[in-house]
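The shown structure was predicted, so the numbers you read here are calculated from the model rather than taken from an experiment. Note that the numbering runs from 1 along the sequence shown for the chain.
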Amino acid sequence: MMEFKLRDYKAEEAVHSITRFPVFSHPLSSSPSSSSSSSSHNQDHGSIEFFDPLRGPSMEILEPVDDTAVAEKRSATQPSSYLSAKEWASFNKLLMQRFPVPKMISVSTVSLLTILSSSKTIRGNKGVGIPQVNIQSDELNDSPKLTEEGFKIVSQQEYITRLHELKDEIMRAWRSDDRVTSLKLSIKLLFYLELAIFPCWRFLHDHVGDSLMRLVMMIRGIADPLASAYCRFYLLHCAQKLPQCDTGHLITCINDQKVVLTRIVSMKETTFGNFLGDRKLLISLMEPTIEYTMRCVFKDPNQVADMIVRLGLGKNPLEFYGKVPWISVILHHLLRELPIEIVCSNAVELLHLVECSGDYSFDQCLNYKMLGLKLCEGISEVKAVEAVIDEVIQVATKRKSLDEYLKILDAYMDIILQYKMDHHLSSVLSEIFERLCNQVVTEAELASLQSIALKLVTHFDDMKYVFDLNYFVDILDVMHGSSRSIVNMHILTNATRNDRIDDPTTVKLLFDVAQSLHDSVDFPSTRQDDNQQAERLIARFVDKVDHGKELDRHLTFLIECRGAFNNMNDLKEILVHSSNLLATRALKEKKDHINFIKSCITFNEVTIPCIPSYSRQLILYLETAEVSLFGGLISHSDGLLDSAIGCLQNVYLVDGLRKSNEDADGIVSLTQKLCSFMLLVPGNWEQGVTYIPKSILSLLDSQSWMTPKLRIRVLCSLLSLSSTFTQNELPYHAINEEVIGNDRLFFGHATYSQELASLSSVILHKMVDIIPQEPSQAARGKLALEACNCIASFLKVDHEISSVCSKLVETGISCLGADNRYLKSTINFVHKQSPISVGGE
């Protein structure tokens with residue numbers, strides 16, 4: 001019968017451990033002692049300079065790039081009011097997104113006839129062979145019929161193509177010295193030709209401002225307000241390319257736009273030039289021109305004061321006239337472009353200006369909102385804060401629309417919070433809740449509620465203060481849909497930043513928030529990335545809750561979480577870990593908590609089967625078995641081990657065919673972990689001490705998907721387990737003194753040793769039989785040497801074992817060659833274990 005080697009684990013640890021000595025500073029620190037030790041180390045190992053990046057900043061610091069010279073050079077060649085090409089391209093892109101051009105566009109009949117009469121109607125001074133009217137009629141017949149209002153529907157590409165044809169015809173006529181034809185064709189685009197060549201005037205005149213103002217005046221003659229607006233737009237864009245000139249044209253353009261818009265908002269007609277439709281739509285189409293003009297007006301920070309005076313806003317930036325009404329849409333973009341410091345210094349006057357400007361050209365509440373957003377940008381510089389907030393609340397309260405009320409207050413909420421106006425905050429939240437109770441909340445109103453709630457959540461470090469706010473929880477309950485979910489996630493994010501959550505009221509409210517978030521996510525049908533953030537936040541919340549010494553209360557909390565978040569599989573694992581942690585804490589207190597520990601184990605036994613992954617179940621069963629063993633609950637530990645074996649069998653049978661190499665390695669590692677844990681568990685005479693190892697062996701034989709390499713790894717672990725069981729003293733024991741190890745429980749029993757020897761003999765023969773099944777020659781040779789080293793490490797090398805090792809060495813020689821270093825070291829190791837000759841000598 002084969003014999004196992006006797007081992008002294010303490011002696012082996014002493015031999016193989018590195019000599020340790022105390023140090024007084026960290027080896028990577030910059031203290032003198034570490035420097036001296038570092039220098040002595042360099043002396044011993046040459047003069048290699050070692051630099052630790054954690055010790056300090058690198059010596060190779062790049063010099064910062066000085067943009068001052070570049071900026072000065074740029075300002076010398078370009079005016080400060082110049083809008084860069086990149087900025088213009090960005091603005092143009094935004095316009096195209098805001099006003100997408102349809103594939104079919106509506107064009108007036110007169111404009112279309114003008115465009116169509118191009119090269120097909122004029123052929124130089126000699127006239128044409130086909131009458132012009134007939135050609136125009138043919139052109140019109142090719143497209144859809146004219147509408148009753150005198151408009152025609154053409155494709156966008158067709159319109160652009162005709163314009164390009166007209167341009168090419170002008171160029172051809174000019175190059176052929178046909179000045180008359182070129183002039184006639186140019187007259188058709190005279191709303192635009194002079195504007196296009198306007199930058200060229202600087203080569204002819206020193207003062208191009210006169211020509212600029214002349215064109216500004218010419219645009220006044222365009223009756224169509226939309227056409228005149230975009231002529232101004234193009235004029236300003238061309239003027240930006242000129243050297244520094246007087247900005248009077250900008251003020252004139254603003255004033256002209258005010259005149260046009262005043263006429264539009266005061267007239268009852270719905271026809272303006274060639275535009276048919278409501279006036280709000282017309283104004284919205286003209287808005288980009290107003291926006292661009294205001295950008296140009298306040299582009300140069302050195303001219304802001306002068307521009308404010310010339311616009312009639314006051315004698316200087318510090319003396320605003322707040323009672324002069326402005327067109328709302330112009331005022332909106334004025335507020336957008338005004339410098340922050342001016343807005344903050346004149347907040348009350350600007351509020352009055354918004355109050356006086358209430359025409360329908362722009363939503364007045366959006367102007368209040370714009371002013372609030374600008375004030376929040378320079379929140380620490382706001383003057384007369386109390387007066388501003390008092391007036392804003394009065395203005396908002398007068399609004400019957402909940403949407404307008406919320407939009408206005410949302411813009412000023414940061415100021416209320418920053419300046420700790422608790423009385424205003426309480427009254428605002430009270431009125432919000434009162435209004436919410438009387439009507440159905442729309443999507444727009446939910447968006448404003450979401451913004452207000454997020455500002456409250458992010459302002460306070462402790463969620464306890466947020467929940468204590470008047471009506472905050474009630475307002476949160478009214479919210480629903482994605483807005484509620486977003487607020488819930490921010491609440492959990494903010495709450496879990498702290499190390500622990502121990503306030504009972506806060507825990508209860510956060511639990512309700514987490515449950516609402518869980519119920520809003522359809523876990524079974526959504527993708528993993530859709531619910532991952534919500535699941536992670538809920539898990540963090542559960543992990544942060546701490547009821548201190550009230551362990552029973554915390555276990556009750558875990559039971560509630562299991563019921564409330566039943567769709568979250570990852571959270572169930574956290575609940576099991578938390579339950580085991582509670583049991584461990586109870587053990588450390590060394591009190592009579594045996595019933596509580598049993599409750600924790602029972603909770604785990606119910607929770608673990610709900611987790612779909614068998615491999616994760618196996619891990620949790622082993623962890624819980626370890627806790628129960630530390631608590632002296634051996635019968636519970638045996639039951640958990642049986643469940644673990646069942647999981648291992650299910651992993652093999654259900655998941656085995658789908659396992660990748662990485663997954664298979666993980667399963668083998670779990671099997672090895674199970675073997676290691678078996679050393680702690682007292683053997684059972686009824687089932688035998690080798691009951692679990694034999695169960696693993698039977699599972700190993702039934703799994704065709706396991707490669708020879710994986711089988712050998714498991715067999716080596718089982719052989720190591722059998723050898724360790726036979727030692728006079730095990731390398732480690734359970735921390736509970738009531739749990740007696742096998743080295744004491746079965747010491748000296750012949751049946752115990754015979755059972756282990758019989759198991760080892762089966763393992764040995766399986767190793768020899770499995771190695772030839774490896775298809776790869778190199779891998780087969782390595783497996784043979786690994787098995788040989790394992791056998792020689794745990795068994796005494798007698799004639800029987802020497803014969804087995806010789807066969808394995810011969811396999812290694814045939815597969816790897818006699819010069820293989822691993823082969824040579826294996827032969828030397830086996831020879832040291834026994835004087836009997838082994839193959840290869």
Looking at residues at least two apart in the chain, or sitting in another chain, which of them share a salt bridge (Lys or Arg N to Asp or Glu O under 4.0 Å) with Arg336?
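Testing Arg336 for salt bridge (Lys or Arg N to Asp or Glu O under 4.0 Å), a comparison that skips the adjacent residues, returns none.
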Nearest-0.5 Å distance that lies between atom [atom1] in [X] and atom [atom2] in [Y]:
{"X": "Leu166", "Y": "Ile170", "atom1": "CG", "atom2": "CD1", "result": "4.5 Å"}
{"X": "Leu311", "Y": "Ile330", "atom1": "CG", "atom2": "CD1", "result": "10.0 Å"}
{"X": "Gln418", "Y": "Ile415", "atom1": "CD", "atom2": "CD1", "result": "9.5 Å"}

For residues 345-354, which residue pairs pass the side-chain hydrogen bond (donor to acceptor under 3.5 Å, both in side chains) check, not counting sequence neighbours?
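Applying side-chain hydrogen bond (donor to acceptor under 3.5 Å, both in side chains) to every pair that reaches into residues 345-354, excluding sequence neighbours, yields His352-Glu391.
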Does anything in residues 370-381 form a side-chain hydrogen bond (donor to acceptor under 3.5 Å, both in side chains)? List the pairs, not counting sequence neighbours.
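Passing the test, one end in residues 370-381: no pairs.
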Between the main-chain N or O of [Y] and the side-chain N or O of [X], is there a donor-acceptor pair closer than 3.5 Å?
{"X": "Ser426", "Y": "Asp422", "answer": "no"}
{"X": "Asp414", "Y": "Cys376", "answer": "no"}
{"X": "Ser451", "Y": "Ser448", "answer": "no"}

Please output the side-chain donor-acceptor pairs of residues 252-261 that fall under 3.5 Å, not counting sequence neighbours, one pair per line with the distance.
from	atom 1	to	atom 2	distance (Å)
Thr252	OG1	Gly248	O	3.0
Asn255	ND2	Ile251	O	3.2
Asp256	OD1	Arg220	NE	3.1
Asp256	OD1	Arg220	NH2	3.0
Asp256	OD2	Arg220	NE	3.0

All side chain to side chain donor-acceptor pair (under 3.5 Å) counterparts of His424, not counting sequence neighbours:
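His424: side chain to side chain donor-acceptor pair (under 3.5 Å) contacts with Asp390.
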If you count heavy atoms of other groups shown closer than 6.0 angstrom to [atom1] of [X], is the number above 12?
{"X": "His490", "atom1": "NE2", "value": "no"}
{"X": "Asp474", "atom1": "CG", "value": "yes"}
{"X": "Met217", "atom1": "CE", "value": "yes"}

Can you pull the salt bridge (charged side-chain N to carboxylate O under 4.0 Å, His left out) pairs that have at least one residue in [range], sequence neighbours excluded?
{"range": "residues 430-448", "result": "Glu431-Arg435"}
{"range": "residues 398-412", "result": "Arg399-Glu404, Asp403-Lys407, Asp410-Lys455"}
{"range": "residues 484-493", "result": "Asp477-Arg484"}

Under the criterion side chain to side chain contact (heavy atoms under 4.5 Å, CB included), I'd like the reasoning laid out for Leu371 against Val392: C-alpha separation, chi angles, the key distance, then a yes or no.
CA-CA 10 Å; Leu371 178 58; Val392 166; over 6 Å; no
Would Tyr368 and Leu351 satisfy side chain to side chain contact (heavy atoms under 4.5 Å, CB included), going step by step from the backbone distance to the final call?
CA-CA 7 Å; Tyr368 281 113; Leu351 273 174; 3.8 Å; yes
Using the test side-chain contact (heavy atoms from CB on, under 4.5 Å), find all partners of Ser430 that sit at least two apart in sequence or belong to another chain.
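Expected list: Asn470, Tyr471.
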Please output the side-chain donor-acceptor pairs of residues 353-363 that fall under 3.5 Å, not counting sequence neighbours, one pair per line with the distance.
from	atom 1	to	atom 2	distance (Å)
Ser357	OG	Trp326	N	2.7
Ser357	OG	Trp326	O	2.9
Ser357	OG	Leu353	O	3.0
Asp359	OD1	Ser361	N	2.9
Asp359	OD1	Ser361	OG	2.3
Asp359	OD2	Ser328	N	3.0
Asp359	OD2	Ser328	OG	3.4
Tyr360	OH	Ile264	O	3.4
Tyr360	OH	Arg279	NE	3.0
Tyr360	OH	Arg279	NH1	3.2
Ser361	OG	Ser328	N	3.4
Ser361	OG	Val329	N	3.2
Asp363	OD1	Cys365	N	3.2

Residues forming a ring-ring contact (aromatic ring centres under 6.0 Å, His included) with Tyr412, sequence neighbours excluded:
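Applying ring-ring contact (aromatic ring centres under 6.0 Å, His included) to Tyr412 gives none.
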With His480, which residues qualify under ring-ring contact (aromatic ring centres under 6.0 Å, His included), at least two apart?
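Checked His480 against ring-ring contact (aromatic ring centres under 6.0 Å, His included); zero matches.
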His237 and Tyr292 aromatic ring geometry - parallel, tilted or perpendicular at 30°/60° bounds:
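Ring orientation of Tyr292 relative to His237: perpendicular.
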